[in-house]
Amino acid sequence: MSASLPTDIKKSPEPISPEQLELENKEILKRYRHLLRVAHSRLKPGDTKIIKAAFNLAVDAHRDVRRKSGEPYIYHPIEVARIVAEEMGMGTTSIISALLHDVVEDSNYELDVIEAKFGKKVARIVDGLTKVPRVFGEDKSMQAETFRKVLLSMSEDIRVVLVKIADRLHNMRTLDSMAKDKQLKIKAETQFLYAPLAHRLGFYNIKSELDDLCLKFSNRAAYEQILEKIQATQIARDRFIKDFKKPIADDLTANGIKFTIKSRLKSVASIWNKMQKQQIPFEEVYDLFAIRIIADPKPSEDEKALCWKVYSTVTDHYQPNTNRLRDWISYPKSNGYESLQITVMSKKGQWVEVQIRTTRMDDLAEKGFAAHYKYKGNHDKLESNLEKWLSLMRDNVENNTLSDLEFMDEVRDSIFNDEIYVFTPRGDLRILPLAATVLDFAFEIHSEIGSCCLGAKVNNKLVPLNYELQTGDQVEILKSSKPKITEDWLRFVKTSKARSKIKLFLRNEHKNITDNGREILYRKLAQLKLQPSDTLVFQVTDFFESTTPTELYYKIGMGIIDHTEIKRFYETYEKSRPVYTRPKDFKQELKKKNSNDGIVIGDSAEFEYSLSSCCNPIPGDDIFGIVTVSRGIRVHRTQCPNAVSIMASYGERIIKAVWDVDSSRKFDVGLHIVGTDRVGLVNDVTRVISNQLKINISSLSITTKGNVFDGKISLGVQNTSQVNDIIQQIKNIKGVIDIHRFEP
Ligand code: MN
């Protein structure tokens with residue numbers, strides 16, 4: 001299927017000379033051997049054989065296919081496997097999966113072949129890496145579906161996402177050969193999901209490179225300018241760093257601490273972001289680099305104590321900014337990051353960030369997840385935090401209350417968010433996203449505690465539900481005996497866990513109310529001897545200006561529509577009972593008549609019609625016809641209060657109607673007059689109508705309350721302009737306050 005061809009495939013390659021092919025085959029083997037070399041230290045006996053089998057299968061599957069750059073396609077999977085092995089430090093299963101990652105998507109090999117040859121695990125990973133086919137409805141975002149799939153399989157086997165990140169990294173490194181629009185699409189996805197994911201999983205180097213590549217392809221001028229300036233300032237920076245390091249290094253050596261000191265340059269992208277955010281030139285970005293001191297503990301030496309010893313040495317020489325002390329050793333980030341971070345003042349009056357950590361911590365920070373395997377068992381906290389995050393992602397993915405857009409946002413939020421560290425009353429640590437509230441905390445503990453949350457005591461002070469927690473807070477939730485969830489709560493929470501629980505609760509509650517409302521309506525209709533058919537329910541829905549029956553049921557269930565009001569519907573309904581059915585050839589149902597009697601329906605004056613009594617149209621009124629089944633065409637004013645809902649619901653049964661009346665015909669119109677009750681007012685009104693305008697009054701009723709005159713008059717008129725005339729004249733009568741048309 002051509003739709004699933006990856007965008008970087010060239011479909012009809014130019015003929016390649018045998019010499020060229022020979023050279024390429026040599027290059028392929030060279031790259032393959034390099035892969036084995038960098039993976040070597042992690043391979044077990046027998047692994048090389050399986051990797052070779054995967055390599056051979058991939059070579060066969062991608063035979064004769066080239067990338068947009070013209071290179072043999074197989075370079076790509078080999079390179080992805082190399083990144084997985086060398087830059088991410090992963091083992092055999094990941095390497096095999098990387099070699100095979102495009103096989104199912106791009107060739108005739110099916111998944112079961114892979115499963116038969118390489119086992120279930122590899123097959124699952126490759127499946128997770130295969131794009132979802134384009135079979136969804138148009139309202140579905142294919143991107144969201146693909147992300148959903150990647151993330152879902154990720155929570156099953158994290159290696160899916162590791163290979164995916166490696167795949168993306170290589171694609172970004174070779175993005176130059178792609179068309180501009182594809183570049184921007186791939187860049188956007190990377191920025192949106194893959195770079196944050198790499199960060200979340202602790203691959204800091206890859207994350208920085210992805211950021212840089214994103215900048216390169218969105219703003220090449222800025223990217224190149226910053227690179228240039230970094231190079232131009234290199235010598236001065238090296239000298240500064242050398243001077244800065246010296247006293248620390250001397251002291252550490254004197255104290256018998258084994259260590260290395262590195263300096264790390266900020267990524268081009270983060271320099272650019274800082275320049276943008278603070279509106280400063282490159283020269284004013286003071287933290288272009290950070291100093292990293294990696295201490296190597298003696299066997300069984302306390303790592304934490306060692307780091308603080310180094311801290312003490314650093315601050316012996318440089319004044320620390322205490323506001324910028326970050327202790328991620330006592331409370332590691334949920335991706336496992338551990339480090340002690342301070343900013344100190346150099347002798348030259350420049351702030352410098354110093355990161356202090358042990359060899360193990362540095363490994364974790366650099367290699368992220370792979371290092372996590374290496375230190376497994378020795379570090380439960382990391383494992384449980386990572387697992388917690390993964391299960392959160394799983395919740396997100398499986399939670400089908402979210403729309404595609406919401407889903408993407410939630411996922412991104414949960415990847416991106418900085419974290420705070422708070423405690424239960426018993427002192428258990430909970431990690432929540434920045435700006436999480438009491439309510440988030442409650443749902444984090446248990447959904448039942450969340451749904452009954454009234455507020456909390458934070459550090460022994462009473463606070464409301466939406467109180468934003470800070471690192472170090474101790475939180476005790478105050479509960480009600482019954483759930484108290486309201487719509488408002490959705491605005492109070494930051495975590496997707498809390499949000500999805502609240503939505504679920506509201507949805508269930510909504511359903512209960514709706515069910516209840518439906519029952520009330522059906523009961524009431526039965527009392528009125530009406531059969532609750534779909535058509536009838538739709539009419540009730542229209543009558544109460546609801547858009548769907550569910551909305552109607554909900555309003556009835558909530559008591560927004562009093563069930564006694566349903567009687568009001570019944571009365572109107574009985575009065576102008578139009579029976580609407582499906583519009584199957586409705587024109588055939590219509591009765592014809594012999595002469596024109598006032599209204600042209602559609603294009604013909606020969607259809608029979610009747611004027612609707614709910615709005616009483618007269619010539620001059622804007623009108624339309626609606627084709628009913630048992631009562632022919634009913635003509636309404638477009639201003640009829642019922643018209644909007646009729647038009648909205650039975651649009652297909654609307655038919656054009658135009659007046660074509662001879663002037664002798666009279667129509668009934670009602671006028672409602674309000675005035676002060678003065679002697680002679682009635683006389684004045686009737687005199688104007690009968691004597692002056694020579695119009696017949698067919699009925700007249702007057703009530704007076706206190707000194708207010710309230711009169712209703714029915715007249716036979718020709719058209720609206722005559723009515724307007726009458727209204728104008730009556731308005732001029734002394735004592736008349738208001739006059740308007742009403743439906744008699
Ligand atoms: Mn690929």
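Read the numbers this way: they start at 1 and go in the same order the structure lists the ligands and their atoms. Side chains included, hydrogens not; waters and symmetry mates left out as well; all remaining heavy atoms used.
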J.: Identify, with sequence neighbours excluded, every residue that meets side chain to side chain donor-acceptor pair (under 3.5 Å) alongside Ser447.
T.: none
J.: List the steps and the verdict of side chain to side chain contact (heavy atoms under 4.5 Å, CB included) for Ile226 and Met275.
T.: CA-CA 10 Å; Ile226 291 170; Met275 287 165 62; 4.0 Å; yes
J.: Go through Phe259 and Asp296 one step at a time and tell me if the side chain to side chain contact (heavy atoms under 4.5 Å, CB included) criterion holds.
T.: CA-CA 6 Å; Phe259 67 93; Asp296 197 6; over 6 Å; no
J.: To the nearest 0.5 Å, what is the distance between NZ (Lys120) and CD1 (Ile114)?
T.: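 With rounding to 0.5 Å, NZ (Lys120) is 14.5 Å from CD1 (Ile114).
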J.: In the structure I gave you, are the side-chain heavy atoms of Tyr75 and Glu27 within less than 4.5 Å of one another anywhere?
T.: yes
J.: Given side chains that start at C-beta, do those of Asn171 and His76 come closer than 4.5 Å, heavy atoms only?
T.: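 Yes, their side chains come closer than 4.5 Å.
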J.: Below 2.8 Å, which protein N, O or S atoms neighbour the Mn ion (ligand 1), ignoring water?
T.: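 Listed by chain and number, the atoms are His76 NE2, His101 NE2, Asp102 OD2, Asp167 OD1.
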